[in-house]
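What follows is one structure encoded as structure tokens, with my remarks underneath.
Counting starts at 1 for both ligands and their atoms, in listed order.
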Amino acid sequence: MLSMPTILQLTRKLTERPEPTKPDEIVLRHYSGPRDIETWLEVRRRAFARQKVGIGNWTAADFEREFLSKPWWRPEAMWLAESRRLMLPSVVVGTVTLARRGDCPDAKPVVHWLAVVPSFRRRGLGRFLVSTLEAAVWDAGGRQVWLETHSLWTEAQRLYESMGYEPVDPSSPSGP
Ligand SMILES: CC(C)(COP(=O)(O)OP(=O)(O)OC[C@H]1O[C@@H](n2cnc3c(N)ncnc32)[C@H](O)[C@@H]1OP(=O)(O)O)[C@@H](O)C(=O)NCCC(=O)NCCS
């Protein structure tokens, strides 16, 4: 019998500062203002286009609701990975955002909207983005990261498993 698709809550405890390994030809930067809204929406559209559980098209208003209007939002919370190849214009090929769940002071650091465009996958960019976020959490004093993903998003599940993420124990005090 097929199991029902579900939302998975995963977490990882950090025992040392992650050392992100940057893939070749990638330059990382933060959100730099309204011109990045369309850029982010395009990466999201391309990254999720072939997912079994699809996601609807978003507009700038959705971006505003999801990021800019949040109490935790700041431009440094969003990373955009640009591919810079010789003679070619630079193009954003991946992104991740460090969100916060819950109210201060114990707001939990959350991996939010990790996405890598299909043509740039399996080169270590997803892992680089997540470890960059984890290093930022570590530098801010955090020692645990949470995230939600979908049981049918297998690439994401494999990535998180390979990085040591485990299902959240709902009975633990650090649970969801
Ligand atoms: C999930 C995603 C971000 C991974 O990006 P990526 O740049 O391809 O990931 P990486 O190259 O860093 O992969 C790191 C590890 O994850 C695992 N992995 C990633 N994709 C995999 C796949 N298709 N099959 C099996 N393992 C995979 C592997 O262990 C891989 O290490 P390896 O290449 O040395 O074997 C990308 O597939 C994506 O954007 N998917 C659609 C959007 C999505 O699901 N986002 C997450 C929402 S929670």
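- By the 6.0 Å contact criterion, CD on E42 is enclosed, its count of non-hydrogen atoms from other residues, nucleotides or ligands being greater than 12.
- Sorted by first and then second residue, the pairs that involve residues 144-155 and meet salt bridge (charged side-chain N to carboxylate O under 4.0 Å, His left out), not counting sequence neighbours, are R121-E155.
- Remark: E161 pairs with Q157 by the side-chain contact (heavy atoms from CB on, under 4.5 Å) rule, at least two apart or across chains.
- Put simply, the side chain of H150 never gets that close to the backbone of I7: no donor and acceptor are under 3.5 Å apart.
- Legend: side chain to side chain donor-acceptor pair (under 3.5 Å) pairs involving residues 54-64, not counting sequence neighbours, sorted by first then second residue: T59-D62, D62-R65.
- Closer than 4.0 angstrom to ligand 1 lie heavy atoms from A47, F48, Q51, L114, A115, V116, R121, R122, R123, G124, L125, G126, R127, E148, T149, W153, E155, A156, R158, L159, Y160, S162.
- The distance between the ring centers of F67 and W40 falls below 6.0 angstrom.
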